[in-house]
Participant: 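Structure below; questions to follow.
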Amino acid sequence: MGSDSDRDPDIESESEGKVSRQHSQSSCPTEDDDELNIHLGPKVSLKEHLEKDKDDESLRRWKEQLIGSVDASAVEENQEQDVKILSLAIATSGRADMLLPIPEGENPKGLWFTLKEGSIYHLKFTIKVSNDIVCGLKYTNTVWKTGIKVDSSKEMLGTFSPQADPYTHEMPEETTPAGIFARGQYTARSKFVDDDNKCYLDINYTFDIQKDWAKH
């Protein structure tokens with residue numbers, strides 16, 4: 001480590017000039033020690049986005065594509081964005097989607113779902129966004145078996161503007177592991193966070209991988 005006299009004055013002055021956006025208090029702790037601390041510009045409300053440069057026709061059309069048909073008069077100033085993950089569905093070819101409503105404010109009770117070993121499936125989320133634009137919404141998922149971490153994934157979902165109807169976001173296809181050692185019960189933790197590390201859902205649950213789908 002260098003002393004104060006070894007510091008590059010150009011680097012020091014550049015770092016002092018940065019403006020970082022204050023994080024929300026309802027932030028999720030990160031599990032990645034090497035995750036970068038990204039500095040963002042000051043947050044601009046949806047109402048400010050809608051009213052800024054409103055006489056510029058090309059900008060107005062571009063904002064309509066991004067934000068949609070939002071009435072500026074109905075948007076309250078400085079209102080916090082609200083994101084609700086309404087449900088998770090597991091979709092696989094030849095079967096009806098397995099719809100799993102997400103409990104309000106608590107973790108799913110007991111075994112949440114069962115997957116068939118060696119099956120190809122993908123997840124679908126329904127997401128309701130209100131009040132303001134949500135930037136850089138991410139889904140992270142960590143899975144353990146008998147206390148050992150066996151999988152960790154992160155997926156960027158994107159930026160969402162508020163609208164009356166929920167969004168449906170489909171994840172890439174995955175294949176469940178197969179074989180006698182793959183079968184059994186797993187625990188998992190799923191989180192939805194945005195660019196400010198504001199956490200909208202943080203749930204812990206259990207699921208099974210078995211030789212076949214669960215009988216209903």
Side-chain angles (χ1 to χ4, degrees), residues 28 30-32 35 46 62-70 81-109 111-145 149-178 182 185-210 212-214 216:
C28 281
T30 178
E31 295 174 2
D32 301 324
E35 188 169 353
L46 178 58
W62 179 80
K63 288 177 184 179
E64 283 181 353
Q65 292 178 358
L66 174 65
I67 300 173
S69 301
V70 178
Q81 67 265 49
D82 182 29
V83 177
K84 290 185 179 179
I85 316 303
L86 302 177
S87 67
L88 160 68
I90 300 173
T92 187
S93 179
R95 289 177 55 86
D97 289 357
M98 187 190 308
L99 184 62
L100 301 164
I102 295 174
E104 183 77 26
E106 61 181 18
N107 295 317
K109 305 295 185 183
L111 189 68
W112 204 22
F113 57 86
T114 297
L115 297 174
K116 178 184 177 181
E117 64 174 350
S119 59
I120 298 173
Y121 71 97
H122 68 273
L123 304 178
K124 296 195 296 187
F125 296 104
T126 53
I127 305 168
K128 180 67 184 297
V129 179
S130 306
N131 302 336
D132 205 349
I133 298 171
V134 176
C135 297
L137 188 64
K138 296 179 288 292
Y139 165 76
T140 66
N141 189 58
T142 308
V143 181
W144 296 266
K145 187 178 185 188
K149 184 162 71 171
V150 295
D151 186 59
S152 181
S153 60
K154 180 185 292 185
E155 179 78 13
M156 174 61 73
L157 306 184
T159 294
F160 299 86
S161 59
Q163 65 177 31
D165 297 325
Y167 292 91
T168 298
H169 184 89
E170 299 194 11
M171 302 286 284
E173 283 190 338
E174 300 181 59
T175 303
T176 57
Q185 190 170 104
Y186 295 76
T187 60
R189 182 185 184 187
S190 294
K191 297 188 293 183
F192 290 80
V193 297
D194 66 10
D195 272 348
D196 284 329
N197 204 33
K198 182 175 181 181
C199 188
Y200 299 101
L201 181 68
D202 185 353
I203 59 170
N204 295 275
Y205 56 93
T206 61
F207 68 96
D208 263 0
I209 293 178
Q210 297 296 343
D212 207 344
W213 298 101
H216 295 287

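Each residue takes its place number in the sequence, starting with 1.
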Participant: Treating Thr92 as the side-chain partner and Ile120 as the backbone partner, does any N or O pair qualify as donor plus acceptor under 3.5 Å?
Facilitator: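 Side chain of Thr92 to backbone of Ile120: a pair is present.
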
Participant: List the steps, then state whether side-chain hydrogen bond (donor to acceptor under 3.5 Å, both in side chains) holds for Asn141 with Ser190.
Facilitator: CA-CA 4 Å; Asn141 189 58; Ser190 294; 2.6 Å; yes

Participant: To the nearest 0.5 Å, what is the distance between CG on Leu157 and CE on Met171?
Facilitator: 6.0 Å

Participant: Can you tell me if Glu104 has over 12 outside heavy atoms packed within less than 6.0 Å of its CD?
Facilitator: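 At most 12 heavy atoms, drawn from other residues, nucleotides or ligands, come within 6.0 Å of this atom.
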
Participant: Using ring-ring contact (aromatic ring centres under 6.0 Å, His included) as the criterion, point out the one residue from Tyr121, Trp112, Tyr186 that pairs with Phe207.
Facilitator: Tyr186

Participant: Could you walk me through whether Leu137 and Ile127 pass the side-chain contact (heavy atoms from CB on, under 4.5 Å) test, one step at a time?
Facilitator: CA-CA 11 Å; Leu137 188 64; Ile127 305 168; 4.3 Å; yes

Participant: Work out which heavy atom in Thr176 is nearest to a heavy atom in Gly118; give both atom names and the distance.
Facilitator: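 In this case the closest contact between Thr176 and Gly118 is OG1-N, 2.8 Å.
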
Participant: Roughly how far, to the nearest 0.5 Å, is the CD atom of Glu155 from the CZ atom of Phe192?
Facilitator: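 If we round to the nearest 0.5 Å, Phe192:CZ and Glu155:CD are 10.5 Å apart.
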
Participant: Hey, could you give me the CE/NZ distance between Met98 and Lys124, rounded to the nearest 0.5 Å?
Facilitator: 12.5 Å

Participant: Is any side-chain heavy atom of Ile209 closer than 4.5 Å to one of Pro177?
Facilitator: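 When only atoms from C-beta onward are counted, Ile209 and Pro177 do touch, with a gap below 4.5 Å.
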
Participant: With side-chain contact (heavy atoms from CB on, under 4.5 Å) as the test, would you mind laying out the steps for Tyr205 and Leu111 before giving the verdict?
Facilitator: CA-CA 7 Å; Tyr205 56 93; Leu111 189 68; over 6 Å; no

Participant: Minimum heavy-atom separation for Thr159 and Cys135, please, with both atom names.
Facilitator: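 Minimum heavy-atom contact is OG1-CA, 3.6 Å.
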
Participant: Indicate whether the side chain of Glu174 and that of His122 have a donor and an acceptor atom separated by less than 3.5 Å.
Facilitator: no

Participant: Find the distance between CD (Gln185) and OG1 (Thr206) and round it off to the nearest 0.5 Å.
Facilitator: 4.5 Å

Participant: Do the side chains of Leu123 and Tyr139 get nearer than 4.5 Å, heavy atoms only?
Facilitator: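 Counting from C-beta outward, Tyr139 and Leu123 do come under 4.5 Å.
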
Participant: Mind checking the CD1-CD1 spacing from Ile85 to Ile102? Nearest 0.5 Å is all I need.
Facilitator: 6.5 Å

Participant: Test of understanding: with salt bridge (charged side-chain N to carboxylate O under 4.0 Å, His left out), list the residues that count as partners of Asp151, not counting sequence neighbours.
Facilitator: none

Participant: Identify the two heavy atoms, one from Ile203 and one from Glu106, that lie closest to each other, and give their separation to 0.1 Å.
Facilitator: CG2-O, 4.3 Å

Participant: How close do Asn107 and Asn204 get, heavy atom to heavy atom, and via which atoms?
Facilitator: OD1-N, 2.9 Å

Participant: So, are Asp194 and Lys138 salt-bridged, with charged N and O less than 4.0 Å apart?
Facilitator: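 Result for this pair is no, no salt bridge flagged.
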
Participant: Nearest 0.5 Å, what's the CD1-CG distance between Ile90 and Leu100?
Facilitator: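 It comes to 5.0 Å.
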
Participant: Give a yes or no on this: more than 12 heavy atoms of other residues, nucleotides or ligands lie within 6.0 Å of atom NZ of Lys84.
Facilitator: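 At most 12 heavy atoms, drawn from other residues, nucleotides or ligands, come within 6.0 Å of this atom.
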
Participant: Any donor and acceptor pair, going by atom type alone, linking the side chain of Thr142 with main-chain N or O of Arg189 inside 3.5 Å?
Facilitator: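 No: the side chain of Thr142 does not pair with the backbone of Arg189.
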
Participant: Please report the closest heavy-atom contact between Ser87 and Pro101, naming both atoms and the distance.
Facilitator: CB-CA, 4.2 Å

Participant: So, Tyr167 versus Phe125, ring centres under 6.0 angstrom or not?
Facilitator: no

Participant: Nearest heavy-atom pair of Gln210 and Asp208: which atoms, and what distance?
Facilitator: NE2-OD2, 3.4 Å

